[in-house]
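A quick write-up on the structure given underneath.
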Amino acid sequence: MQPHALQTLIKNGSYINGQWQASQHTFDVNNPATGELVARVADATKDDALAAIEAADMAFKSWSKTTAAERASLLRKWFNLMIEHADTLGHLLTLEQGKPVAEAIGEIKYGAAYVEWFAEEAKRVYGDTIPGPSPDKRVVVIKQPVGVVTAITPWNFPNAMIARKAAAALAAGCTFVVRPASETPLSALAMAELAEQAGIPAGVLNIVTGTQASDIGKVLTQHPRVAKFTFTGSTGVGKTLIAQCADGVKKVSMELGGNAPFIVFDDADIDAAVDGVIVSKYRNAGQTCVCTNRIYVHDSVHDQFVEKLITKVSALKVGNGLDEGVNIGPLIHQKAVQGVKRLLDDSVEQGAKVVFGGAPQDGSNFFAPTVVTGVTQQMPLAVDEIFGPVSAILRFNEESEVIAQANDSEYGLAAYFYSRDIGRVWRVAEQLEFGMVGINEGAISNAAAPFGGVKQSGNGREGSKYGLEDYLEIKYLCMGGI
Ligand code: SIN
């Protein structure tokens, strides 16, 4: 990767109405692996957020009138540029977020896949005709873009979480304003640079970078010209944002916290289940909403499962994501490290046993991949979202018991289970109260599938043929006098 290529994609200010904006103040973006400064970025104010919404509102007038084919072609160009620059974008993502560079490039391709997907879906927004209630009436349903969409996105997927919202919005004919997490604004700004190169018109995609989360958040959720607000992040923050949207009765879609159960039945292929945990638990150092959180293992296979898991976990290399062969990068910051440590320490105090790993490296953001046994349903590691590389293992005996335990959570995003019994596969899949279920599979995320949760994990779906619906309004036309 050429240093020059990286420099051309590092931008230092918000992107509003096709212009790069400086601000009176800046904030630092630091590499979580080394603490080094990556860039100083303009710290936008609520006035910048207002300007971005006004630009998006103005741009909506023309963007919503483009043909689906025109939007598809621009999105396709954006996708092509993301793929062309995947290595550089991945490198930049590792610098600000920490994940291993191969995984970061994987995220760029994952994000780009949503852009490609929605470039294609843009052309498939079909309406309906419905038999009329009387001979002189005809009933027709059309779909129209909702309008200006605003978003707040997290630091764990600085590219893909923007891509799957923005691409759907733009494909539907909406315009878009996003505030990326202040830990990781650079990937978002690089996406805007490529969107501009792709020819996406000024005002259609706007990025507001800033640390004043509450002030900017209020504008994004309460501005009268905003039709829809979408958020990926914690359930706590999501509730506040939903409440802020309530007054204007905005359309909302929320992708919030998870607490994914991972069930290993006695008839499972144990090696496959161990591989499934490695993929679903240790991806992004455990910092994803769909990460496995509670691993329920049948009593009869518990010990062999734990042994095999430790063998695989001990092979994971922790380090700076830019170094060769690293599988686990740093956590995003010290607060995150301390949060994981607290859940671990409190569970150990209640009787859980660390059988591998178990500690952050002093003062750094690195947390050793860890395996803990003897976890019970009420321990913090089972109740809370861990968001770190800790496998918490519980034992069970009965199918009905483990389904009840898996469902005993306020969250309902992802669940996983391993079994080779086809009857059990259907029974369990149907009873799990989660939006996504991996069956003999730990990697469930892809652009063609509907991503989203139930209960306090949120609402709406992203990606897939369902993902456009949240950005479209249904209008019914009743034609009389025929
Ligand atoms: C998330 O952690 O919110 C997203 C994970 C994914 O898209 O797989």
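For ligands, and for the atoms within them, numbers begin at 1 and follow the listed sequence.
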Inset, instruction - Please state whether the rings of Phe417 and Phe265 are parallel, tilted or perpendicular, taking 30° and 60° as the class boundaries. - result: perpendicular
Validation: residues 433-441 side-chain donor-acceptor distances under 3.5 Å, sequence neighbours left out:
{"residue": "Glu433", "atom": "OE1", "partner": "Lys455", "partner atom": "NZ", "Å": "3.1"}
{"residue": "Asn440", "atom": "OD1", "partner": "Ser419", "partner atom": "N", "Å": "3.0"}
{"residue": "Asn440", "atom": "ND2", "partner": "Ser419", "partner atom": "O", "Å": "2.9"}
{"residue": "Glu441", "atom": "OE2", "partner": "Ala443", "partner atom": "N", "Å": "2.9"}

Inset, instruction - Just do the side-chain contact (heavy atoms from CB on, under 4.5 Å) check on Val306 and Ile310 with the steps written out, would you? - result: CA-CA 6 Å; Val306 171; Ile310 290 175; 3.9 Å; yes
Under 3.5 Å, side-chain donor or acceptor atoms of residues 173-185 against the rest of the protein: list the pairs with distances, not counting sequence neighbours.
{"residue": "Thr175", "atom": "OG1", "partner": "Ala56", "partner atom": "O", "Å": "2.8"}
{"residue": "Arg179", "atom": "NE", "partner": "Gly210", "partner atom": "O", "Å": "3.1"}
{"residue": "Arg179", "atom": "NH2", "partner": "Gly210", "partner atom": "O", "Å": "2.8"}

Inset, instruction - Answer yes or no on whether Lys99 is positioned over the face of Phe157, meaning its NZ or CZ is under 6.0 Å from the six-membered ring centre and within 45° of the axis. - result: yes
Tabulation required: pairs of a nitrogen or oxygen in ligand 1 and a protein nitrogen or oxygen under 3.5 Å; columns are atom names and distance to 0.1 Å; otherwise 'none'.
{"residue": "ligand 1", "atom": "2 (O)", "partner": "Asn156", "partner atom": "ND2", "Å": "3.2"}
{"residue": "ligand 1", "atom": "2 (O)", "partner": "Cys289", "partner atom": "N", "Å": "2.7"}
{"residue": "ligand 1", "atom": "3 (O)", "partner": "Glu255", "partner atom": "OE1", "Å": "3.0"}
{"residue": "ligand 1", "atom": "7 (O)", "partner": "Tyr110", "partner atom": "OH", "Å": "2.6"}
{"residue": "ligand 1", "atom": "7 (O)", "partner": "Arg164", "partner atom": "NH1", "Å": "3.0"}
{"residue": "ligand 1", "atom": "8 (O)", "partner": "Tyr110", "partner atom": "OH", "Å": "3.4"}
{"residue": "ligand 1", "atom": "8 (O)", "partner": "Arg283", "partner atom": "NH1", "Å": "2.9"}
{"residue": "ligand 1", "atom": "8 (O)", "partner": "Arg283", "partner atom": "NH2", "Å": "3.0"}
{"residue": "ligand 1", "atom": "8 (O)", "partner": "Ser445", "partner atom": "OG", "Å": "2.5"}

Inset, instruction - Determine which pairs satisfy side chain to side chain donor-acceptor pair (under 3.5 Å) with at least one residue from residues 311-325, sequence neighbours left out, and list them in order. - result: Asp275-Lys312
